[in-house]
Amino acid sequence: MNLLILGSGGREHALAWKLSGSRKVSRVFIAPGNAGTAECGTNLDISPDNFAGVRQAVIENGIGMVVVGPEAPLVSGIHDFFLEDDILRTVPVIGPVKKAAMLEGSKDFAKAFLTRHNIPTSRYQSFGKSSEKEAISFLGTMDPPYVIKADGLAAGKGVLIIDDIAEAENEIRAILGGKFGNAGNRIVIEQFLRGTELSVFIATDGRSYKILPEAKDYKRIGEGDKGLNTGGMGAVSPVPFAGKVFMEKVRTRIIDPTVNGLIEEGIEYKGFIFFGLINVDGDPYVIEYNARLGDPESEAVIPRIRSDLFELMEGIAQGNLGEREFLTDERFAATVMLVSGGYPGSFGKGYKIEGLDRTSGCVIFHAGTKNEEDKIITSGGRVLSVSAWGNSMGEALDLCYRNAALISFTGKYCRNDIGFDLNNNAE
Ligand code: GLY
């Protein structure tokens with residue numbers, strides 16, 4: 001079968017890398033992809049948000065399945081677009097329909113869903129544009145730091161954590177006043193939870209599910225988790241504190257009620273669910289849902305999948321996921337992101353990347369790269385990630401860092417402390 005993967009980051013390169021090794025996959029196409037995905041398939045210069053362009057690519061290339069990487073096309077309804085099209089309706093889309101993607105597309109929907117199904121999450125209320133006064137008054141009943149979320153997708157910038165109440169009040173006014181456009185037509189204010197975050201993923205056909213290896217990502221630009229939020233600077237898997245006892249709580253208190261809740265509400269979910277969790281004194285709480293795999297978590301999680309990932313996708317599409325084998329690699333995997341100097345603020349592009357051919361014992365997943373003549377150059381803030389395996393987290397990270405040191409481009413930056421908080425943190 002020919003596959004089309006939508007997206008252009010490290011997650012999509014990891015998907016293309018893994019799926020191109022399946023004996024059931026003939027050709028992999030990636031839209032739009034990057035210089036790395038071009039090594040395991042054929043890049044198509046089409047945005048995942050251009051549904052008409054995706055339709056044409058599916059028809060022209062005899063695509064039998066579409067795997068959606070990022071959230072935006074899911075929240076805009078690409079799966080529904082396929083179901084409503086006479087030609088595309090038989091082509092399975094791995095990723096939920098619009099209504100199900102609301103788990104990520106609307107923070108208010110997600111919080112209400114969690115509450116309806118008694119799934120542990122923090123206390124909250126949501127407010128619309130005409131309820132600014134009520135929002136500010138509710139804020140006064142919360143303890144700092146104050147968590148304010150724009151309801152809709154806001155390019156990863158819609159979650160604010162603020163210590164000062166006056167500043168928090170100003171942000172409420174700014175968001176409801178249009179700071180994030182329509183994404184801020186509603187806001188969620190919720191109680192801050194103190195603990196250690198982790199990411200848990202399931203693949204589901206809407207009835208049964210498989211739990212993928214869990215991971216922890218590192219979102220801040222600076223070491224010690226300081227500085228601005230980024231799209232992720234590295235990840236490790238497994239997460240030492242997420243042992244059998246903790247993961248059993250995750251399964252019974254969070255995953256089962258989520259999957260059953262979707263069934264009860266008649267929402268058919270086919271794809272991946274990403275549970276953004278926090279461990280508060282040994283108990284898991286949901287911070288957020290995402291309707292996709294995480295990035296950079298995928299660059300550590302996918303290398304730990306031993307089974308044929310296409311089997312999982314086929315199980316999702318055919319509704320028989322429960323019958324599919326799913327094996328994972330017991331070893332640790334880690335990934336370290338190399339970014340452009342200045343990221344997540346402004347940064348230069350077009351710099352030649354050197355040293356990729358000197359790396360060994362690791363996998364390089366590209367994100368912001370492209371081919372230009374006979375060179376690979378930088379084309380984004382998150383340039384590429386170096387992933388490696390090890391018998392311990394330290395061993396995997398050591399291999400990542402040794403290889404990362406061999407790669408060079410102008411302004412290259414990486415965090416040197418990925419996993420720093422997990423060493424003495426086993427269950
Ligand atoms: N690593 C967090 C995300 O993918 O949203």
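Computation of the quantities below employed the complete heavy-atom set of this structure, encompassing side-chain atoms and omitting hydrogens, waters and symmetry-equivalent molecules. Just so it is clear, the model here is predicted, and its values are computed rather than measured. Order of listing sets the numbers, starting from 1, for every ligand and every atom in it.
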S.K.: Can you name the ring pair (Phe, Tyr, Trp, His ring centres under 6.0 Å) partners of Phe51, sequence neighbours left out?
M.R.: Phe81
S.K.: Taking the six-membered ring of Tyr218, is the NZ or CZ of Lys216 close enough (under 6.0 Å from the centre) and on axis enough (within 45°)?
M.R.: yes
S.K.: Could you list each N/O atom of ligand 1 together with any protein N/O atom closer than 3.5 Å, one pair per line with the distance?
M.R.:
| residue | atom | partner | partner atom | Å |
| --- | --- | --- | --- | --- |
| ligand 1 | 1 (N) | Asp217 | OD2 | 2.7 |
| ligand 1 | 1 (N) | Asp295 | O | 3.0 |
| ligand 1 | 1 (N) | Glu297 | OE1 | 2.7 |
| ligand 1 | 1 (N) | Glu297 | OE2 | 3.2 |
| ligand 1 | 4 (O) | Arg292 | NH1 | 3.0 |
| ligand 1 | 4 (O) | Asp295 | N | 3.0 |
| ligand 1 | 4 (O) | Asp295 | O | 3.4 |
| ligand 1 | 5 (O) | Arg292 | NH1 | 3.4 |
| ligand 1 | 5 (O) | Arg292 | NH2 | 2.8 |

S.K.: Can you list, pair by pair, the side-chain donor-acceptor contacts under 3.5 Å of residues 230-240, counting residues two or more places apart and other chains?
M.R.:
| residue | atom | partner | partner atom | Å |
| --- | --- | --- | --- | --- |
| Thr230 | OG1 | Lys219 | O | 2.6 |
| Thr230 | OG1 | Gly232 | N | 2.8 |
| Ser237 | OG | Glu214 | O | 2.5 |
| Ser237 | OG | Arg304 | NH1 | 2.8 |

S.K.: Is a salt bridge present between Lys107 and Glu190, judged by a nitrogen-to-oxygen distance below 4.0 Å?
M.R.: no
S.K.: Quick one: list whatever passes salt bridge (charged side-chain N to carboxylate O under 4.0 Å, His left out) with Glu288, sequence neighbours left out.
M.R.: none
S.K.: Looking at Lys370, I'd like to know if its NZ atom is crowded, meaning that more than 12 non-hydrogen atoms belonging to other residues, nucleotides or ligands lie closer than 6.0 Å.
M.R.: no
